[in-house]
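Step one of this worksheet: look at the structure below.
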Amino acid sequence: MGATAVISAILTLVAGIGIFLIACEMMSSNLESASSGKLKALFAKASGSKLLGVGIGALGTAAIQSSGEVTVMVIGFVNASIISLKQAATIIYGANIGTTITAQIVALGMFGGGGISTSIIFSAFAGVGAFTAMFAKKEMLKKLGGILTGFGMLFVGLEMMSGSMADFAALDAVKSFLAQINNPIILVLLGAVFTAIIQSSSVMTSIALAMVVTGLISLNQGIFLTMGSNIGSCVVAVIAGITSGKNAKRTALIHLFFNISGVVIFLLISYAIGLFTGNSVSFGSIFDKMFPGAPQTQLAMFHTIFNVCTVVIMLPLTTALVNIVCKFIPDEAVVADPNAPHLYYIDENMLKTPPVAVQQTKAEIVNMASIAIKNFNMSLDIICTQDFSKVDEFRKNEKELDFLNVSLIDFVVKLSDKQQLSQKDRVYLATTYRSIRDLERIGDYAENVVEYADTLKNVNMSFSLKALDEIKHLRVLINELYENTMVAYKYEDLTALELANSIEDKVDGICKMMEDNHIKRLAEGVCTPEVGAQYLSLSTNAERVADHLINVAKSIRKVAAFNRTR
């Protein structure tokens, strides 16, 4: 083989890696988008059960074909205080099992004797998927087309990588050089470094499979390269953790420690086997006997068994692992101000998993609504009782609303640019800008009411008992409107929207009645012009609060209309 052929083989390898990476991204984004609701529900079930966490991690990774995406998602959840470190650890364990599915699929595609190989058959899915995505009318069919295209392209890239490996295998110099690299630690480090560079353990494992099948390296060498890929895969989590909070950094460290622990354990087992058998038995010889004549299956099955065994060993040690990383990254003596405004459900890392980020955005908006209505109720308490003892809490909530208004809109702008979003998610995100603004305005009106209370306090005046009864009735209606608005918003419930509309009409009616009754009391001398001015202003502000709430409820109409057209 001449220099031109060698260069051609190298370029073919690079091209194969590129196609494989694009295929992984295409499959991951479409699978993630298609399963966004189920994926969010799946992660929401993470509880104190370690086995449940492992199952969720495995299923989630199998669903979107990316342990990196799942790990980044978990880091985002931990950073937003949605799940604990222990829950995150078990989900990461499961993700390591779920990622072995890719190796099994690739191994399956390498079979083929005298007939058409499975790799060629699977590659044809790229064309089927492309035609489906191009001509399908329904969004779900387009996503299915994207999934099939990505799946087929995996094997197109695999064929190119395997072809380049076969070319290299024809070179005695290359085979001789690789044969000399038998030190397990060096092989593990090579696998880790290469995986860290390309940020995909699936590609590293697939290359190792191709090298073993073409005879370029031995099964034992492929096994240690694959073990190293587990360590290299942590680079995605480490990068995500560096830019996040303390618990997110700890989660990334858990992922790194877990994967290193598995590799160390199996290196020690390998050393012990060689020591007691005089190096006549190794992982390679064991799996060769278990799955004779199928080197691709031998390596893929080792990859699966390696990760499953690591989880079995480490699962009982989860609490100890969490304690260790907490010592490595301890809590600071001086903690951040607990009263500082912050986001509750979303995190910048979630932008890497857009469908889940959409669900968390809705949760953040619902939480913003609860803060807004809490402040409105607090403002009514203050003006009716002239008790200003909770005014500091009120001010804190108002700052929170202002912060959420800016931060949420900024997050939604970034999220809206993501390609993995479904059309329904895009329709929903388009409605969030006004909803966020509506909720922030509720906080502003509550602030106005507190100012009216302060005015009454300064002139040593208060509302009459009849006026207080009317405010109480108004308050009940607005809170009822809020409850139905939230039901409509969270569940896209049109029945709740209709009920919210009728309540909003009642609010308009009682505000009109309050104005009329105030005029009567003013004529009877029961109320003074100074008190009356604050009372009418309160009524007007309350009516506007109801208007903003109903705007939030009405925002579901576009999403509901989209659902009807599907």
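Since we're looking at a predicted model, the values are computed, not measured.
A pairwise comparison of heavy atoms in Pro354 and Leu421 identifies CB-CD2, 3.6 Å as the closest pair. The nearest pair of heavy atoms linking Ser555 to Thr431 is O-CG2, 3.7 Å. In plain terms, the two heavy atoms of Leu209 and Gln296 that are nearest each other are CD2-O, 3.2 Å. A pairwise comparison of heavy atoms in Pro292 and Lys289 identifies CD-O, 3.5 Å as the closest pair. In this structure, Leu85 and Cys326 approach most closely via the heavy-atom pair CD1-SG, 3.9 Å. Heavy atoms only, all atoms of each residue included: Ala208 and Gly222 are closest at CB-O, 4.3 Å.
Of the inter-residue distances, the one linking Arg434 atom CZ with Ile436 atom CD1 reads 13.0 Å to the nearest 0.5 angstrom. Interatomic distance, CD1 of Ile346 versus CG of Leu415, reported as 8.5 Å (0.5 Å rounding). We find the OG-CD1 distance between Ser261 and Ile313 to be 9.5 Å, quoted to the nearest 0.5 Å. In this structure, the separation between CG on Leu219 and CZ on Phe287 is 8.5 Å, given to the nearest 0.5 Å. Taken to the nearest 0.5 Å, the CG atom of Asn259 stands 8.0 Å off from the OG1 atom of Thr310. In this structure, Thr318 OG1 and Phe258 CZ are separated by 8.5 Å, a value rounded to the nearest 0.5 Å.
Taking the six-membered ring where the residue is Trp, Phe283 and Phe266 present tilted rings, their angle falling between 30° and 60°. Under the 30°/60° scheme for interplanar angles, the aromatic rings of Phe135 and Phe131 are found to lie parallel.
A donor-acceptor contact closer than 3.5 angstrom is absent between the side chains of Ser407 and Asp410.
Two residues are said to be in side-chain contact when any heavy atoms from C-beta on lie closer than 4.5 Å; Thr90 and Lys86 fail this criterion. Counting heavy atoms from C-beta outward, Asn230 and His303 have side chains that approach closer than 4.5 Å. With a 4.5 Å cut-off on side-chain heavy atoms, Ser422 and Tyr428 do not count as touching. Using a 4.5 Å heavy-atom cutoff, the side chains of Lys142 and Thr132 are not in contact. Two residues are said to be in side-chain contact when any heavy atoms from C-beta on lie closer than 4.5 Å; Leu51 and Leu315 meet this criterion. Ile207 has its side chain within reach of Phe194: a pair of non-hydrogen atoms, C-beta onward, lies under 4.5 Å apart. Phe224 places none of its side-chain heavy atoms less than 4.5 Å from the side chain of Val263. At a threshold of 4.5 Å between non-hydrogen side-chain atoms, the residues Val322 and Arg250 do not count as touching.
Using a distance-only test at 3.5 Å, with no hydrogens or angles considered, a donor-acceptor pair links the side chain of Glu364 to the main chain of Tyr344. With hydrogens and angles disregarded, a donor-acceptor distance shorter than 3.5 Å links the side chain of Thr149 to the backbone of Ala130. With hydrogens and angles disregarded, no donor-acceptor distance shorter than 3.5 Å links the side chain of Ser285 to the backbone of Val281. Checking side-chain atoms of Gln360 against main-chain N and O of Tyr345 turns up a donor-acceptor pair under 3.5 Å. Between the Asn279 side chain and the Leu275 main chain, no donor and acceptor come within less than 3.5 Å of each other. Listed for the Asn323 side chain is a donor-acceptor partner under 3.5 Å among the backbone atoms of Thr319. Side chain of Thr304 to main chain of Ala300: a donor-acceptor pair is present (N/O by atom type, distance under 3.5 Å, no hydrogens or angles). Looking only at distances, no side-chain donor or acceptor of Gln298 sits under 3.5 Å from a matching main-chain atom of Gly284. When atom types are taken as modelled, the side chain of Thr214 and the backbone of Met211 share a donor-acceptor pair closer than 3.5 angstrom.
Screening Asn220, Ile217, Leu225 for a side-chain contact (heavy atoms from CB on, under 4.5 Å) with Val212, the sole residue that qualifies is Ile217.
Applying the salt bridge (Lys or Arg N to Asp or Glu O under 4.0 Å) criterion to Lys418, with sequence neighbours excluded, gives no partner residue.
Ionic pairing of Lys558 and Glu492 is not present here: no N-O contact between side-chain nitrogen and carboxylate oxygen is shorter than 4.0 angstrom.
Leu141 CG: more than 12 foreign heavy atoms inside a 6.0 Å radius.
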Any chance you could lay out the side-chain contact (heavy atoms from CB on, under 4.5 Å) test for Leu408 and Thr432, step after step, and finish with the verdict? CA-CA 9 Å; Leu408 256 173; Thr432 59; over 6 Å; no
side-chain contact (heavy atoms from CB on, under 4.5 Å) between Met204 and Thr226, worked out: CA-CA 7 Å; Met204 183 63 238; Thr226 302; over 6 Å; no
